[in-house]
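Naming convention: chains lettered A, B, ... in sequence-line order (proteins, then strands); numbering from 1 in each chain. Since the model is a prediction, treat every value here as computed from it, not as a measurement.
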Amino acid sequence: MDYFKRKKIKDILYNNISREEYQDIVVLGWVRTKRVSKNIAFIELNDGSTLHNLQIVFLESEKFPLDNISTGTSLRVKGYLEESEGREQSLELKAEELTIIGDAPADYLLQKKRHSFEFLREIAHLRPRTNTFGVINRFRSKLANVIHSYFQSRGFYYIHSPIITTSDAEGAGDLFQVTTLDLNNLPLSEDGSVDYSSDFFGVKAGLTVSGQLEAEVLATALGDVYTFGPTFRAENSNTSRHASEFWMVEPEMAFCELDEMMDIIEDFLKYLFRYSLEEAKEEMAFFNKWIDNERIKILEDIISADFERITYTEAVKILEKADAEFEYPVKWGIDLQSEHERYLTEKHFKKPIMVTDYPKEIKAFYMRLNDDDKTVRAVDCLVPKVGEIIGGSQREERHDILLKRMKDMQMDIDNYQWFLDLRKYGTVPHSGFGLGFDRILMYISGMSNIRDVIPFPRTPGNARF
RNA sequence: UCCCCGAUAGCUCAGUCGGCAGAGCAGAUGGCUGUUAACCAUCGUGUCGCAGGUUCGAGUCCUGCUCGGGGAGCCA
């Protein structure tokens, strides 16, 4: 199939091919569009290596089997590269041999025009062949790689937290249950509840909603660690920002307090944005042109801004004095609504902000209690247009205080004995945060629906493909 | 889960006051041109989301359902 001989179109168009090789080029790809006339014909070929197509020129076009070629057809073309006479490309391939690998009948659904994202979601097996989804999938790969390079270059270890868990993932959402029991014939205990002792793991199990607790285990052994993997939430959320299966980045740092972690959050986000602008120019230019023409400026503005840091209490004071009508009135103790978050980051500060020290009642059990006994060392990072993009906290490292908090919240202590042990033996202050990978992709690209940055999105009622 | 909006040709959509179902694009055929979302001419395309109801007559009005979109909550 000339797998090793062929040249990728990206290398051809980005001048990674030496002049000596110009005379003997093989490319393999899919037809995007064809223009045929009596004496000359053109095909735009795409092989997925880049957004851009290679123009194939057929001089003496009647010698080639062009009638059988349409949008979507896969081809092998052999020829030689030359400077183009046309205006819109520098190099083009003059064809000498043409082989049709797989034809594409007239009912091929992708036309050479814009399709709606809603329609393309219904043909998720074909949409990666479009410009937009090609760019997104390549960018997704690149950004995943950058997340690894950020942490690896700073001495963090990449850890694999379990995907199947048996802890009740306190407060992080509903679990998808994992079982091998026969659902039509469930073993029951005497009280009528399901008897899990004969289930695969001997206890009730589910898919992970967060790798954080396990990340804390590794952080208190390896120092700095991060997870980057799939996360599952069985919540009936029907929004453009929620998926039932998504990817999350969760760094966890030993000997790190909240203020130090906030430095990392700011540096981390700016690193991702800077990388996107400098190293993914093709993708960013595409997003800026076709998805949201403010995108590049928004990222540039964030990179050059210092993130504002305020406490929840200060935020509430600002909102109470705000000259704005809120649907939900503000008072100390409530969780901030997205209208409040948007006011703070878009209207008041007009830049990214990090809000800290929330009331303990509205945050998770593992967050470190402040001396006021009312607030915990949590942080939400809010950015204009999107709202919360990162949530994190300094963890409660004091054994007795954590135990009391768990008892107050009536948690099953036995299930978390291992978590308490981290505080019993050589405890250290430590902090961590969670970044929704798909959401940062949305933010950088300007795509407004999470279903369009995940190749095969899973949402309530939909797990096709 | 709650609120609002929508569903008509392969795609994007129009369809007035309830009175014979429309356009552009895509596709097919022919022509033409170093073309580039090519261009010109000709041709075909319907379970009007599903199930009921009102009516002489429903794409149009009413009810229920399904699916999709936007917003909210939950969160990442």
Side-chain angles (χ1 to χ4, degrees), chain A residues 32-45 52-59 61 67 70-72 82-89 92 94 104-123 126 130-131 169 171-174 208-212 227-250 290 327-328 335-339 341-342 362-364 380-382 386-392 433-443 448-454 459-462 464:
Chain A
R32 283 298 176 80
T33 179
K34 176 184 76 166
R35 297 177 287 274
V36 180
S37 61
K38 197 178 293 177
N39 300 315
I40 191 166
F42 304 90
I43 281 177
E44 302 277 333
L45 199 72
H52 302 293
N53 304 320
L54 178 65
Q55 173 160 285
I56 316 288
V57 183
F58 299 87
L59 306 168
S61 55
D67 285 351
S70 58
T71 301
E82 270 191 354
E83 305 291 327
S84 177
E85 294 173 31
R87 285 169 288 123
E88 302 191 10
Q89 61 280 318
E92 62 187 18
K94 296 287 199 316
D107 59 359
Y108 184 60
L109 287 169
L110 292 179
Q111 304 169 0
K112 39 186 175 181
K113 66 162 201 171
R114 268 176 90 87
H115 288 291
S116 68
F117 290 151
E118 291 82 4
F119 170 67
L120 291 171
R121 273 172 221 154
E122 293 168 15
I123 52 169
L126 297 174
T130 64
N131 285 342
D174 297 325
T208 182
V209 295
S210 168
Q212 180 201 313
T227 72
F228 185 13
T231 307
F232 308 89
R233 306 250 169 113
E235 263 155 4
N236 194 10
S237 305
N238 290 289
T239 80
S240 56
R241 291 190 200 76
H242 290 83
S244 309
E245 175 183 310
F246 61 98
W247 281 61
M248 189 152 62
V249 183
E250 293 179 289
W290 295 104
E327 190 184 341
Y328 297 88
D335 208 353
L336 297 181
Q337 304 293 314
S338 52
E339 60 175 343
E341 296 178 343
R342 258 184 273 119
I362 59 174
K363 288 293 180 183
D380 281 356
C381 181
L382 312 176
V386 161
E388 181 177 344
I389 201 163
I390 279 178
F433 64 89
L435 169 81
F437 180 63
D438 315 280
R439 285 194 181 168
I440 194 77
L441 266 174
M442 290 171 71
Y443 186 68
S448 55
N449 196 311
I450 199 167
R451 295 171 182 86
D452 296 328
V453 298
I454 300 175
T459 51
N462 197 343
R464 285 185 68 208

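Nucleotides B:G24 and B:U60 have their P atoms positioned 25 Å apart, rounded to a whole Å. Atom P of B:C2 sits at a distance of 11 Å from the matching atom of B:C65, rounded to the whole Å. The separation of B:C11 from B:G52, taken at their P atoms, amounts to 25 Å, rounded to a whole angstrom. For the P atom pair drawn from B:G6 and B:C62, the interatomic distance equals 11 Å after rounding to whole Å. Spacing of C1' atoms, B:C13 relative to B:U8, comes out at 9 Å, to the nearest Å. Going from the C1' atom of B:A26 to that of B:G44 covers 13 Å, rounded to whole Å. A gap of 6 Å separates the C1' atoms of B:G49 and B:A7, to the nearest Å. With P as the reference atom, B:G53 and B:G68 are 28 Å apart, rounded to whole Å.
A:I389 comes within 4.0 angstrom of the backbone, heavy atoms only, and of no base. At a threshold of 4.0 angstrom between heavy atoms, the contacts of A:E44 include nucleobase atoms, whether or not backbone atoms are also involved. Here A:F119 lies in heavy-atom contact (under 4.0 Å) with sugar-phosphate atoms only. Within the 4.0 angstrom heavy-atom criterion, no nucleotide atom of any strand lies near A:E82. A:F117 comes within contact range of no nucleotide atom at all, as no heavy-atom separation falls under 4.0 Å. Using a 4.0 Å heavy-atom cutoff across all strands shown, A:D107 reaches no nucleic acid atom at all. As judged by a 4.0 angstrom heavy-atom cut-off over every strand, A:R464 is placed among residues making no nucleic acid contact. No contact: A:V249 has no heavy atom under 4.0 Å from any strand. A:A243 comes within 4.0 angstrom of a base, heavy atoms only.
A donor N or O paired with an acceptor N or O is not found under 3.5 Å between the base of B:U35 and the side-chain atoms of A:E85. Judged by distance alone, with hydrogens and angles left aside, A:S237 brings no side-chain donor or acceptor close enough to the base of B:C75 to form a pair under 3.5 Å.
Between the NZ atom of A:K363 and the P atom of B:C74 there is a distance of 10 Å, rounded to whole Å. Nucleotide B:C67 holds its P atom 17 Å from the CD atom of A:E118, rounded to whole Å. At whole-Å resolution of the value, CD in A:E235 and P in B:U1 are 13 Å apart. The CZ atom of A:R241 sits 9 Å away from the C1' atom of B:G71 (whole-angstrom rounding). The nearest whole Å value for the distance from the NZ atom in A:K34 to the P atom in B:U35 is 18 Å. Counting to the nearest Å, the P atom of B:G70 and the CD1 atom of A:I450 are 12 Å from each other. B:A38 atom C1' lies 15 Å from atom CG of A:N53, rounded to whole Å. One interatomic measurement links the two molecules: CG of A:D438 to C1' of B:C75, which rounds to 13 Å at whole-angstrom precision.
For the pair A:I123/A:L110, a side-chain contact is recorded, criterion being any heavy-atom separation below 4.5 Å from C-beta on.
Residue A:L441 forms a side chain to side chain contact (heavy atoms under 4.5 Å, CB included) with just one option from A:V453, A:I454, A:I450, A:D452, and that option is A:V453.
Taking only side-chain nitrogens and oxygens, A:S240 comes nearer than 4.0 Å to OP1 or OP2 of B:G71. When the side-chain nitrogen and oxygen atoms of A:R32 are compared with OP1 and OP2 of B:A37, none of them lie within a distance under 4.0 Å. Look at A:N238 and you won't find any side-chain N or O under 4.0 angstrom from OP1 or OP2 of B:G68. Between A:T239 and B:G73 there is no side-chain polar atom (N or O) within less than 4.0 angstrom of OP1 or OP2. Within the structure, every side-chain polar atom (N or O) of A:T33 is placed at least 4.0 Å from both OP1 and OP2 of B:A37. Residue A:Q337 places at least one side-chain N or O closer than 4.0 Å to OP1 or OP2 of B:G73. Side-chain N/O atoms of A:R35 include one lying less than 4.0 angstrom from OP1 or OP2 on B:A38.
The listed nucleotides are B:U12, B:G34, B:G73; the one nearest the side chain of A:H242 is B:G73. In the set B:U1, B:G69, B:C32, the nucleotide with an atom closest to the side chain of A:N236 is B:U1. Each of B:U1, B:C75, B:G10 was ranked by its minimum atom distance to the side chain of A:L109; first place goes to B:G10.
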**OP:** Could you check A:R35 against A:E44 for salt bridge (Lys or Arg N to Asp or Glu O under 4.0 Å), going step by step and ending with a plain yes or no?
**Re:** CA-CA 9 Å; A:R35 297 177 287 274; A:E44 302 277 333; 3.0 Å; yes
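Side chain of A:E92 to backbone of A:V57: no donor-acceptor contact under 3.5 angstrom is found. Judged by distance alone, with hydrogens and angles left aside, the side-chain atoms of A:S237 form no donor-acceptor pair with the main-chain N or O of A:T239 at under 3.5 Å. With hydrogens and angles disregarded, no donor-acceptor distance shorter than 3.5 Å links the side chain of A:T71 to the backbone of A:Q111.
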Under 3.5 Å, N/O pairs linking protein and nucleotides 39-41 of chain B:
none

Atom pairs, N/O to N/O, protein against nucleotides 24-28 of chain B, distance under 3.5 Å?
unit_1	atom_1	unit_2	atom_2	d
B:A26	O4'	A:Q111	OE1	3.3
B:A26	O2'	A:Q111	NE2	3.3

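A:Y328 meets the ring pair (Phe, Tyr, Trp, His ring centres under 6.0 Å) test with no other residue; sequence neighbours excluded. Listed by chain and residue number, nothing satisfies the ring pair (Phe, Tyr, Trp, His ring centres under 6.0 Å) test with A:F246 (two or more places apart in sequence, or in another chain). Not a single ring pair (Phe, Tyr, Trp, His ring centres under 6.0 Å) links A:Y108 to another residue, sequence neighbours left out.
Nearest-nucleotide mapping onto RNA chain B: of A:E339 and A:S116, the residue sitting toward the 5' end is A:S116. Each of A:L336 and A:S448 lies near RNA chain B, and the nucleotide nearest A:S448 is the one positioned closer to the 5' end.
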Original post:
With Watson-Crick and G-U wobble geometry limited to distances under 3.5 Å, how should the secondary structure of RNA chain B be encoded in dot-bracket form, using | for bases paired to another strand and [ ] for crossing pairs?
Top reply: (((((((..((((.....[..)))).(((((.......))))).....(((((..]....))))))))))))....
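Other residues, nucleotides and ligands contribute over 12 non-hydrogen atoms within 6.0 Å of the CZ atom of A:R121.
Note that the CZ atom of A:R451 and the OG1 atom of A:T459 stand 4.5 Å from one another [nearest 0.5 Å].
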